[in-house]
2 protein chains.
Amino acid sequence: MTPPRRRSDAEQNRARILDAAREYVVASNDLKLNEIAKAAGVGQGTLYRHFPTREALLAEVYQADVDALVAAAPDLLAEHPPIEALARWLKKVAEYAKVKRGVFAAATSAVRSDLAGHSIGPIGDAVTALLDAGKAQSQIRGDADARDVILLLGFLTNLDEAEWDTRAQRVLGIILDGLREEAKPQRARTRRAASRTGF
Amino acid sequence: MTPPRRRSDAEQNRARILDAAREYVVASNDLKLNEIAKAAGVGQGTLYRHFPTREALLAEVYQADVDALVAAAPDLLAEHPPIEALARWLKKVAEYAKVKRGVFAAATSAVRSDLAGHSIGPIGDAVTALLDAGKAQSQIRGDADARDVILLLGFLTNLDEAEWDTRAQRVLGIILDGLREEAKPQRARTRRAASRTGF
DNA sequence: ACCTGAACACCGTTCAAGT
DNA sequence: ACCTGAACACCGTTCAAGT
């Protein structure tokens, strides 16, 4: 059960690589592996030893952020009705994405790679929880799943700097409305509105 | 007014480059410039002479497809009510994107580059026409613009092969519903539903 | 066991030399 | 006026040699 002890120099290098990567991630969008190795003061090989793939590195860089997002979902659900919880959670995602666009790319790629598999990753689970709560109260359309939402959130990646405060909010609102179950009027409808137009 | 005649060999090279690029585009997602030059039987410099940027090349490769999409918008509006026209147009975009993902990337990048500017490109104009028609009948939310829609359509780029027929349709439906103006019940509402949850 | 950094591969881009 | 392709730059990845 005890994790195989690493040599202390290895442990230190690992930390330095992560620190360097974190710095680069806030600055520019794409991190250059060699540059990070250099900034961390280690050889390129050392970087590869600790993080065999670029994704492995990114996953660790964003670990804390992803964890925070995942943890927020049940908290929000405990305090708010499902739609409201979902709305707040989406807002939170946008805030993270604004500073570190990679948070989102990391989540997306995780989901993408697990297409065939069963798990959709922790972020996917968080979204599923939010959606399920809404479905249970017939406030979220029953056919939407976590991957739908994550795919749609991909728009954040293409946002320009100046648009963050205005457009991001509006588009999140469009997504949220699209996920809503039709408000039931006098007589319950059998098919969703979109079905009538061919979707 | 007469366009400055190109030398016939230049004209021919141009065509061959485009042909080669078109072939590569259907096969793989990212086209390698040197490879295309080689496949076209021209030097790399020739490729750059005709298409100074990668985008310039892609724009021409997808020209016909983009034109078709743009032309479809007014046609659909003439034959269908706005929402229905929009729904059909979105479906058409998805069909194109399925075969040539680049169609969409081309449209996106065009819009992206013109952020500060006035024009949002022909595709943007097509979407605007569809949205405006819907807004005029209070069927589309008044605050949505073409760039919102194009950003959301970006999800098509991240779709996996197997998802095209099922998920694509559903997500397009979500977008469409999100763009709808709230169906006016007995009493008109002052604020959109999403506004009540913080967006 | 882990690290280093030279070396290779790959691809985009330029430019001197050709026709 | 246009073309060619060697050459350079850049970045990811590997691996022989070191400690």
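Labels below follow one simple rule: chain letters A, B, ... track the order of the sequence lines, proteins then strands, and each chain is numbered from 1.
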Spacing of [X] atom [atom1] relative to [N] atom [atom2], expressed in whole Å:
X: B:K38; N: D:dT4; atom1: NZ; atom2: C1'; answer: 14 Å
X: B:F51; N: C:dT13; atom1: CZ; atom2: P; answer: 14 Å
X: B:E35; N: C:dC11; atom1: CD; atom2: P; answer: 7 Å
X: B:Y48; N: C:dC11; atom1: OH; atom2: P; answer: 13 Å
X: B:Q44; N: C:dA16; atom1: CD; atom2: C1'; answer: 14 Å
X: B:L47; N: D:dC2; atom1: CG; atom2: C1'; answer: 14 Å
X: B:L33; N: C:dC10; atom1: CG; atom2: C1'; answer: 13 Å
X: A:R49; N: C:dC2; atom1: CZ; atom2: C1'; answer: 5 Å

When you look at CD of A:E23, are more than 12 heavy atoms from neighbouring residues, nucleotides or ligands closer to it than 6.0 Å?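 For A:E23, atom CD is not crowded (no more than 12 foreign heavy atoms under 6.0 Å).
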Atom CG of A:L57 and atom CG of A:L31: how far apart are they, to the nearest 0.5 Å?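 Those atoms lie 6.0 Å apart.
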Would you classify A:I36 as touching base, sugar-phosphate or nothing, given that sugar-phosphate means primed atoms plus P, OP1 and OP2, and contacts are heavy atoms under 4.0 Å?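 Here A:I36 touches no strand at all.
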Hey, is the side chain of A:H50 poking within less than 4.0 Å of OP1 or OP2 on C:dC2, counting only N and O atoms?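 No, no such contact exists.
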For a quick test of reading the model: is some side-chain N or O of B:N13 closer than 4.0 Å to OP1 or OP2 of D:dC3?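 Checking D:dC3 against B:N13, a side-chain N or O does come within under 4.0 Å of OP1 or OP2.
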Side chain of [X]: nearest nucleotide among [options]?
X: B:D9; options: D:dT14, D:dC2, C:dC3; value: D:dC2
X: A:A10; options: C:dC3, D:dC3, C:dA6; value: C:dC3
X: A:V42; options: C:dG12, C:dA7, C:dT4; value: C:dT4
X: A:N34; options: D:dC2, D:dT4, D:dT13; value: D:dT13

In the structure shown, which nucleotide is the Watson-Crick or G-U wobble counterpart of C:dG18, with both distances under 3.5 Å?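 C:dG18 is paired with D:dC2.
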Identify the nucleotide, in any strand shown, that forms a Watson-Crick or G-U wobble pair with C:dC10, with both distances under 3.5 Å; if there is none, say none.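 Base-paired to nothing in any strand shown.
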Could A:R141 and A:D143 be called an ion pair, given the rule that one side-chain N must be under 4.0 Å from one carboxylate O?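 A:D143 and A:R141: salt-bridged.
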Cationic N near anionic O, under 4.0 Å, B:D177 to B:R180: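 Here B:D177 pairs with B:R180 in a salt bridge, since their nearest N and O are under 4.0 Å apart.
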Does either side chain, that of B:Q63 or that of B:D67, offer a donor lying less than 3.5 Å from an acceptor on the other one?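 Side chains of B:Q63 and B:D67: pair found under 3.5 Å.
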More 5' along DNA chain C: A:G45 or B:K32, using each one's nearest nucleotide?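 Looking at the nearest nucleotide for each, A:G45 comes out on the 5' side.
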